[in-house]
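Below is one structure, written out as structure tokens; the observations come after it.
Throughout, residue positions are numbered sequentially from 1 according to the sequence presented.
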Amino acid sequence: VELSHGIYALRSSSGRNEETLVTVGEGTATLKGGKGAADLVLSAGEHGRVAYPVPPRRTSGGDGYPAVEQPVRTIP
């Protein structure tokens, strides 16, 4: 997964069902396709899943996907 400047939430699991779930709040995320598969670019508001050796895919999010929390800004 390659991330541009922005706000993201990622959840990774390892082991038998290794996968990475991505939620893009701001910016773009490139989910790498690996050997012979195309990369997938996600923009703000989109969700994706990477589970090698299956090619990355865009999803609708939902249960199990991490939520993007906007940072709290204070006035100095």
Side-chain angles (χ1 to χ4, degrees):
V1 176
E2 289 182 0
L3 306 173
S4 69
H5 181 75
I7 299 173
Y8 308 89
L10 285 84
R11 176 170 292 143
S12 264
S13 61
S14 60
R16 187 173 185 193
N17 297 318
E18 185 173 330
E19 69 177 0
T20 301
L21 304 176
V22 181
T23 302
V24 181
E26 293 178 11
T28 58
T30 303
L31 309 184
K32 296 305 216 173
K35 189 175 184 178
D39 293 347
L40 174 66
V41 178
L42 301 175
S43 299
E46 294 185 314
H47 305 272
R49 179 177 183 266
V50 178
Y52 186 80
V54 178
R57 62 183 185 183
R58 184 175 281 109
T59 66
S60 60
D63 289 341
Y65 277 79
V68 174
E69 295 181 16
Q70 296 295 330
V72 177
R73 297 185 181 169
T74 59
I75 299 173

- line: Hits for side-chain contact (heavy atoms from CB on, under 4.5 Å) against Ala44, two or more places apart or cross-chain, chain-then-number order -> none

- prompt: Do Ile7 and Leu3 share a hydrophobic cluster, counting only Ile, Leu, Val, Met, Phe, Trp and Tyr and linking them when any side-chain heavy atoms are less than 4.5 Å apart?
  reply: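 Different clusters: Ile7 never reaches Leu3 through Ile, Leu, Val, Met, Phe, Trp or Tyr contacts under 4.5 Å.
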
query: Val22, Val68: one ILVMFWY side-chain cluster at the under-4.5 Å cut-off?
result: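 Per the 4.5 Å side-chain linkage, Val22 and Val68 are not co-clustered.
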
- request: Just grab all the ring pair (Phe, Tyr, Trp, His ring centres under 6.0 Å) pairs involving residues 5-25, residues at least two apart or on different chains.
  value: none

- request: Return the minimal non-hydrogen interatomic distance between Leu21 and Gly64, and the atom names on each side.
  value: CD1-O, 3.2 Å

- prompt: What are the two closest non-hydrogen atoms of Ser12 and Thr20, and how far apart are they?
  reply: OG-OG1, 3.0 Å

task: Only pairs at least two apart or in different chains count here, so list each salt bridge (Lys or Arg N to Asp or Glu O under 4.0 Å) that has a residue in residues 55-69.
output: Glu46-Arg58

query: Taking only residues two or more places apart in sequence, or in another chain, which ones meet Arg11 in a salt bridge (charged side-chain N to carboxylate O under 4.0 Å, His left out)?
result: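 If we apply the salt bridge (charged side-chain N to carboxylate O under 4.0 Å, His left out) test to Arg11, skipping adjacent residues, there are no hits.
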
task: Check salt bridge (charged side-chain N to carboxylate O under 4.0 Å, His left out) between Glu26 and all other residues, then give those that pass, not counting sequence neighbours.
output: none

- prompt: Hey, what else clusters with Val41 if you join Ile, Leu, Val, Met, Phe, Trp, Tyr whenever side-chain heavy atoms sit under 4.5 Å?
  reply: none

Please table the atom pairs, donor to acceptor, closer than 3.5 Å between any side-chain atom in residues 27-39 and protein atoms at least two apart or in another chain.
unit_1: Thr28; atom_1: OG1; unit_2: Ser4; atom_2: OG; d: 3.2
unit_1: Lys32; atom_1: NZ; unit_2: Asp39; atom_2: OD2; d: 3.1
unit_1: Asp39; atom_1: OD1; unit_2: Gly33; atom_2: N; d: 2.9

message: According to ring-ring contact (aromatic ring centres under 6.0 Å, His included), who are the partners of Tyr65, at least two apart in sequence or on a separate chain?
response: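 Result, ring-ring contact (aromatic ring centres under 6.0 Å, His included) vs Tyr65: His47.
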
